[in-house]
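Following: one structure in structure tokens, then a few remarks.
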Amino acid sequence: MDIKEQLGQFTQERFGLTPDQCNDRQLYEALLALTRRLSEARPAPDGERKLYYFSAEFLMGKLLDNNLLALGIRDQARELLASMGRDLNAVEEQEPEPSLGNGGLGRLAACFLDSIAALGMRGDGVGLNYHYGLFHQKFVNHKQMETPDPWMQPDSWLIPTGKTFTVPFGGFDLTAKLWDVSIPGAYNDRANRLHLFDVEEPAAPPENGIDFDKTDIVHHLTSFLYPDDGDEAGRLLRVYQQYFMVSAGAQLILQELEERGCGPRDLAARTAIQINDTHPSMVIPELVRLLTARGLSMDDAIDQVRRTCAYTNHTILAEALEKWPLHFIERVAPQLVPIIRELDRRAREACPDPAVAILDNQNLVHMAHMDIHYGYSVNGVAALHTEILKKAELNRFYDLYPARFNNKTNGVTLRRWLEACNPDLTALIDRCIGPGWRKAPDQLVGLLDFIDNDQVLGRLLTVKYSAKERFCRELQEAQGIDVDPSSVFDVQIKRLHEYKRQQMNALYVIHKYMEIKGGRKPEHPITVLFGAKAAPAYVMAKHIIHLILCLQQLIENDPAVRPWLRVVMIENYNVTWAERLIPAADISEQISLASKEASGTGNMKLMANGAVTLGTMDGANVEIAELVGPDNIYTFGADSDRVIHLYDDKGGQRYRARDYYHTLRVEPLVDFLLSPELLDIGDPKSLAALWRDMKGKDWFMALLDVEEYISVKDLAIRQYGDRKSWARKMLVNIAKSGYFSSDRTIRQYNEDIWHL
Ligand SMILES: *Cc1c(COP(=O)(O)O)cnc(C)c1O
């Protein structure tokens with residue numbers, strides 16, 4: 001039956017209407033049901049070994065468009081709707097975004113599931129079914145407000161499986177109910193699954209913002225992604241979430257092993273577990289527990305687990321490396337405590353250095369240490385990041401287990417981040433080099449043959465301009481703001497964090513504002529676009545959002561500046577906004593303090609859509625710079641060796657913000673935070689707190705790089721005026737982005753780690 005008939009049958013049964021009588025909402029529900037059914041009917045890929053990708057976050061984004069594409073019926077669906085005078089995009093607007101992740105780490109997990117399925121590998125995701133995911137962000141009085149973001153509707157992607165598992169917490173058991181999301185493979189007729197565990201009786205929606213009773217584990221365990229961990233109740237809930245996920249996940253693995261006719265002794269031969277950051281690390285002692293309960297000796301159980309688990313490190317920020325007090329685990333999962341002690345004892349026996357112990361002298365459990373001792377692979381997520389792990393952060397472990405360390409530079413699925421979000425650019429690429437790049441993204445380098453083709457270069461500029469116009473319409477509709485599509489779109493979209501240095505970009509805005517007020521117009525009108533959520537308990541990040549929103553307002557009110565400089569912060573930045581904004585970006589801001597950004601993936605998405613990177617030599621920017629060459633990227637700032645030197649070994653700094661603040665160019669920029677015009681708009685307390693921090697502490701050294709940043713950014717904006725030369729830069733960036741396809745990343749994971 002073709003999709004026209006299926007759609008008609010569904011709308012008839014469900015609504016008593018023919019498709020052309022349905023509204024967009026009804027058409028969305030019909031397409032969702034049809035797509036879900038087609039995907040669900042697909043068998044799993046073949047393979048002796050099966051991968052389980054454990055992650056506390058899967059930032060999936062909307063799935064309808066993605067799944068229509070993977071099922072190979074997107075064009076058909078579009079044409080069918082068009083024949084009824086309807087628009088598939090409008091129907092897709094109806095889908096709520098499942099925001100089951102914070103940012104890069106969760107989005108990476110989602111790209112990986114897409115690639116694993118597309119490559120026909122047998123691999124499922126394991127995570128939690130958060131009811132509200134990340135919060136919805138609103139701006140009120142130039143400040144971030146958080147509200148719940150419900151995404152589960154009666155019709156959603158969740159497939160009830162009927163499977164349940166009992167998770168034994170200290171003092172009570174909790175039933176984990178399994179829901180699945182089907183993940184269709186783009187280039188085959190198979191599908192994997194994302195397994196999401198949920199409590200049986202989820203709480204009713206909270207009444208007051210995102211506040212809830214964090215001690216009501218039974219009802220609230222899966223309410224929110226990453227609850228505010230500013231207090232002990234929040235941190236404990238986090239451990240409950242983690243154990244719930246890994247215990248149910250480990251039980252599912254052993255059950256599936258049995259269904260495949262295997263026993264617990266076949267675990268390592270038939271299974272690979274990838275631990276995405278340390279949130280799922282308790283899967284190691286939990287599996288040891290379950291295997292010994294099934295009759296294996298401690299030695300054998302540990303041996304199986306060690307040959308099954310592989311760990312991905314995502315950060316070198318010390319505060320992000322999880323260390324849980326043993327008494328938390330005593331409370332949440334007391335049965336793990338003797339196992340963790342035994343794992344620690346054995347690790348100490350093998351290596352007496354206390355720096356590599358699992359339990360330290362304050363009885364903190366170092367989750368990453370457990371992963372490295374009891375896994376067979378440790379990988380960083382970009383070449384520079386892995387080198388820093390080997391040389392500095394995890395150096396002791398590298399000396400112990402050099403063969404376990406390997407690099408897997410991140411990637412993004414070009415199906416979502418080019419083909420689906422930028423159809424005009426996709427069509428242009430197809431016309432130049434044919435469609436083969438989809439399965440072999442390295443073929444994008446074929447675009448370099450067109451580097452002197454004026455027609456292609458001109459077309460590239462036209463495609464970018466129409467993407468900018470489209471974004472302007474969407475922004476106008478969502479936020480009532482008009483921006484000029486012929487201005488330079490300077491885009492910084494990512495979580496708000498001091499190390500990502502949105503505050504340095506804000507100082508650039510102040511610099512431009514002051515120049516324009518002083519009568520010096522920029523070479524080209526500039527629109528600085530931000531998208532960023534701040535963690536609800538991250539005070540400094542909220543001050544930075546406030547500063548940006550105040551600058552936005554200041555400039556809106558100033559008819560002398562407005563034609564030359566605009567600042568827009570997009571409300572509720574999420575995957576959907578990323579898909580709208582990335583095709584429209586001219587400059588990609590990747591300005592983290594060198595050594596702090598493990599990889600970045602936003603940088604890759606923007607590059608593939610023809611944005612030129614303005615960045616530090618950090619994370620995967622280093623690899624981007626190598627690939628495109630110095631003429632096609634703007635780099636600046638202290639390098640990672642210098643930055644690492646500026647931090648001392650005792651948790652302090654050799655860097656002194658004051659020395660950089662007291663210079664002719666920098667001081668007026670920072671002091672502008674306390675200018676009468678800004679204080680008139682903003683909250684004096686917030687602005688003063690940020691001002692004090694910037695001049696007196698500046699932990700992530702914005703003032704170290706700000707002057708060079710300003711001059712390099714001015715250079716980029718000047719060179720933007722040479723349209724033909726800029727189009728060449730765009731073309732080189734697109735041509736070299738094939739390396740950053742997550743299909744490449746997943747092939748490497750499979751060759752070096754999983755061996756599926
Ligand atoms: C890709 C992506 C990120 C990661 O961006 P970085 O610049 O790598 O930090 C964060 N949020 C969303 C919604 C994304 O799509």
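In each ligand, atom 1 is the first atom listed, and ligand 1 is the first ligand listed. Just so you know, these numbers use all the heavy atoms, side chains as well, and skip hydrogens, waters and symmetry mates.
- For ligand 1, the atoms sitting less than 4.0 Å from at least one non-hydrogen atom of G103 are 10 (C), 11 (N), numbered in the order shown with element in parentheses.
- A donor and an acceptor atom, one from each side chain of S592 and E597, are nowhere located under 3.5 Å apart.
- Taking atom 15 (O) of ligand 1 as the reference point, the nearest protein heavy-atom neighbour is K605 NZ, 2.6 Å.
- There is no side-chain donor-acceptor pair under 3.5 Å between Q274 and Y311.
- The protein heavy atom nearest to atom 8 (O) of ligand 1 is T601 N, 2.8 Å.
- Under a cut-off of 6.0 angstrom, the local environment of NZ in K390 is crowded, with over 12 non-hydrogen atoms contributed by other residues, nucleotides or ligands.
- The closest protein non-hydrogen atom to atom 5 (O) of ligand 1 is G602 N, 3.8 Å.
- Counting only heavy atoms from C-beta outward, the side chains of N407 and N379 never approach each other to under 4.5 Å.
- Residues H136 and N574 bring no donor and acceptor atom of their side chains to less than 3.5 Å of each other.
- A donor-acceptor pair shorter than 3.5 Å cannot be found between the side chains of N67 and T35.
- One side chain, N603 or N621, offers a donor N or O that lies under 3.5 Å from an acceptor on the other.
- Put simply, part of K500 is less than 4.0 Å from ligand 1, judged by heavy atoms.
- Residue V575 approaches ligand 1 through these ligand atoms, each under 4.0 Å from one of its heavy atoms: 13 (C).
- Counting protein heavy atoms only, atom 7 (O) of ligand 1 is closest to K494 NZ, 2.7 Å.
- Contacts between I493 and ligand 1 below 4.0 angstrom, taking non-hydrogen atoms only, involve the backbone exclusively.
- Of all atoms in ligand 1, numbered sequentially from 1 with element shown, those under 4.0 Å from a heavy atom of W417 are 15 (O).
- Atom numbering of ligand 1 starts at 1 in the shown order; those under 4.0 Å from a heavy atom of Y573 are 11 (N), 12 (C), 13 (C), 14 (C).
- Which parts of ligand 1 touch G600 is read off a 4.0 Å heavy-atom cut-off, strictly below it: atoms 8 (O).
- Counting heavy atoms closer than 4.0 Å to ligand 1, residue N574 contributes backbone atoms (N, CA, C, O) but none from C-beta onward.
- Inspection of the R415 and Y187 side chains reveals an N or O donor paired with an N or O acceptor under 3.5 Å.
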